[in-house]
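Worksheet: the structure to be examined is printed underneath.
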Amino acid sequence: MLRLSQPLLSVVVPTYNERDNVAPLLERLTKALDGVDYEVVFVDDNSPDGTAKVIEDAAKVNPRVRLLLRTSRKGLATAILDGVGASRGKYVVVMDADLQHPPEVVAEMVRAAEGSGADIVVASRYAKGGRTRGWSPLRRLISWGATVISRLLVPESRRTSDPMSGFFLIRRDRVSLEGASPTGYKALLEILYRNPQAKVVEVPYTFMPRERGKSKLGTKVILEYLWHVIKISRPVRFALVGGVGTGVNEGVAALVLYLLGNYTAAFVGGIEVSILSNFALNDLWTFRDRRSGRWYSRLLRYHVMVAPAGLTIFFVAELLAKMFHVYALLALFIGILAGFVANYTLSSRNVWRFS
Ligand code: GDD
Ligand code: MN
């Protein structure tokens, strides 16, 4: 199909064994998008059930339909990335083929984007007015757990109530997919992480039960998700650096004590060297994509931020131990957790802030 003009909307639909869903999906999209200039890009991984053939047949009679056929199963995340890459619309909506994402919501998402100037529109099951139908308690629990984990570990995902959603819109000229991870199921999470500045709005919707074909979400997908979250989690990287820093602190203190025999020099030296090594690791790794200004200005600001974090540890531990009679080492541990939160929050706001 040759089209020279850019459509307003590209709908990217990854498919794997969705033979019987293609026709009903297209039928409902056609109705819902009446009057909109759009294309539908299917990304099929050579499904054994012959989905590609069904799409090719549909494309013969419907010029809006395109097929990106990949030779073997390469996974949902890369299907989405490849589909977005092959599409041309100003807006791209990514949706499942199985009608669990009602095609009628697509029109609402485009309207929301046009009306609000948002860069990302998330169709959300957890926004007010949204819901899921026909879910087992186990599936509910998995979804809830995955959402909580992403909120805790990937702060960038807190801009939506449903970071696990597979149903979302992006504005192609404002949202970058560069460097996005090719593993995993959660393309939206990755997009939120890579585009911390993008403006996000939500449209509530009802996630419908699947009527034809089977879900591909299994244990492997869940484990991949957890690994993915850890990989893109700044707080996890920050905590690992903090762990290394504790070792550096102790090591330097021991060395100074051995060489000079002076406690004060050992404490001060250990703390200062660990601040320097923490700064270096966070600057080169944890926040490497958020460096702005001069390095020594960041280093200075990092030094300033360490003091309140240190005080937090001290006061929380003191308070718990003295007023609430919490066992001393436990009180210290909770104090360190609180200090970690303070240090992370202050550092990400004041040292490696968005430029
Ligand atoms: N090309 C391609 N390759 N498509 C795939 C692959 C793959 O390896 N795996 C799955 N798909 C397609 C399916 O054919 C379907 O259109 C869509 O991706 C979603 O797959 P499902 O198997 O239906 O996933 P789900 O319903 O369990 O999960 C959906 O809902 C979750 C919310 O709970 C997805 O949208 C998830 O992204 C979402 O988090
Ligand atoms: Mn599904």
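Atoms within a ligand are numbered from 1 in the order they appear, just like the ligands themselves.
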Ranked by distance from atom 21 (P) of ligand 1, the top protein heavy atom is Y185 OH, 3.6 Å
The reported gap from CG in N262 to CZ in F267 (rounded to nearest 0.5 angstrom) is 10.0 Å
The atoms of ligand 1 lying under 4.0 Å from a heavy atom of F207, numbered in the order shown, are 30 (O)
CD of E224 to CG of L76, rounded to nearest 0.5 Å, is 10.5 Å
Looking only at protein heavy atoms, what sits closest to atom 22 (O) of ligand 1 is K216 N, 2.5 Å
CG (L177) and CD1 (I170) are apart, to the nearest 0.5 Å, by 4.5 Å
Between D20 and R212, does any side-chain N to carboxylate O distance fall below 4.0 Å? no
Atom 29 (C) of ligand 1 has as its nearest protein heavy atom D96 OD2, 3.3 Å
Test salt bridge (charged side-chain N to carboxylate O under 4.0 Å, His left out) applied to D37 and K90, step by step: CA-CA 10 Å; D37 185 16; K90 175 181 176 195; over 6 Å; no
dist T312:OG1 -> I336:CD1 (nearest 0.5 Å) comes out at 12.0 Å
message: When you compare ligand 1 with K214, is there at least one nitrogen or oxygen pair between them that comes in under 3.5 angstrom?
response: no
Within 4.0 Å of some non-hydrogen atom of D45, the atoms of ligand 1 are 1 (N), 2 (C), 3 (N), 7 (C), 8 (O)
With heavy atoms and a 4.0 Å threshold, my read on which part of R210 contacts ligand 1 is side chain
So the protein N/O/S atoms within less than 2.8 Å of the Mn ion (ligand 2) come down to D98 OD2, Q100 OE1
Tell me if a side-chain donor or acceptor on R290 pairs with a main-chain N or O of S348 at a distance below 3.5 Å. yes
Rounded to the nearest 0.5 Å, the CD atom of E18 sits from the CG atom of L25 at a distance of 9.5 Å
The atoms of ligand 1 lying under 4.0 Å from a heavy atom of Q100, numbered in the order shown, are 23 (O), 26 (O)
Can you say whether the rings of H101 and F167 are parallel (under 30°), tilted (30 to 60°) or perpendicular (over 60°)?
-> parallel
Quiz question: by atom type and distance under 3.5 Å, do the side chains of Y126 and E202 form a donor-acceptor pair? no
**Prompt:** Ring centroid separation for F279 and W352, is it under 6.0 angstrom?
**Reply:** yes
Check your understanding: Could you go step by step and tell me if E56 and K60 meet the salt bridge (charged side-chain N to carboxylate O under 4.0 Å, His left out) rule?
Key -> CA-CA 6 Å; E56 272 163 7; K60 283 185 195 137; 5.9 Å; no
Quick note on ligand 1: atoms under 4.0 Å from a heavy atom of E18 include exactly 13 (C), 14 (O), 15 (C), 16 (O)
shortest atom 37 (O) of ligand 1-to-protein heavy-atom contact is with G166 CA, 3.6 Å
In this structure, CD of E104 is separated from OH of Y205 (nearest 0.5 Å) by 13.0 Å
Does any N or O atom in Y16 lie less than 3.5 angstrom from one in ligand 1, N or O only? yes
All heavy atoms of D45 vs all of K74, minimum pair found to be OD2-N, 2.8 Å
Heavy-atom contact check, 4.0 Å cutoff: does G75 meet ligand 1? yes
closest protein heavy atom to atom 27 (O) of ligand 1 is S215 OG, 2.7 Å
Numbered in order shown, the ligand 1 atoms found under 4.0 Å of a heavy atom of W135 are 33 (O)
Ligand 1 to H101, heavy atom cutoff 4.0 Å, flagged ligand atoms 35 (O)
For A97, the atoms of ligand 1 under 4.0 Å from one of its heavy atoms are 16 (O)
Atom 2 (C) of ligand 1: closest protein heavy atom, distance to 0.1 Å, is T15 O, 3.4 Å
Heavy-atom proximity to atom 28 (O) of ligand 1, picking from R139, R70, K74, M95, points to R139
**Prompt:** Would R19 and S47 count as having a side-chain donor-acceptor pair, cut-off 3.5 Å?
**Reply:** no
When distances are taken from atom 12 (C) of ligand 1, the protein heavy atom at minimum range is P14 O, 3.5 Å
ask   = How about N350 and R301: does a side-chain donor come under 3.5 Å of a side-chain acceptor?
value = no
Contact region, R73 to ligand 1, non-hydrogen atoms below 4.0 Å, reads side chain
For D49, the side-chain hydrogen bond (donor to acceptor under 3.5 Å, both in side chains) test, sequence neighbours excluded, returns T51
for atom 11 (N) of ligand 1, nearest protein heavy atom and its distance come out as L76 CD1, 3.9 Å
Note: R140, heavy atoms under 4.0 Å from ligand 1, region reported as neither
Quick note on ligand 1: atoms under 4.0 Å from a heavy atom of M164 include exactly 38 (C), 39 (O)
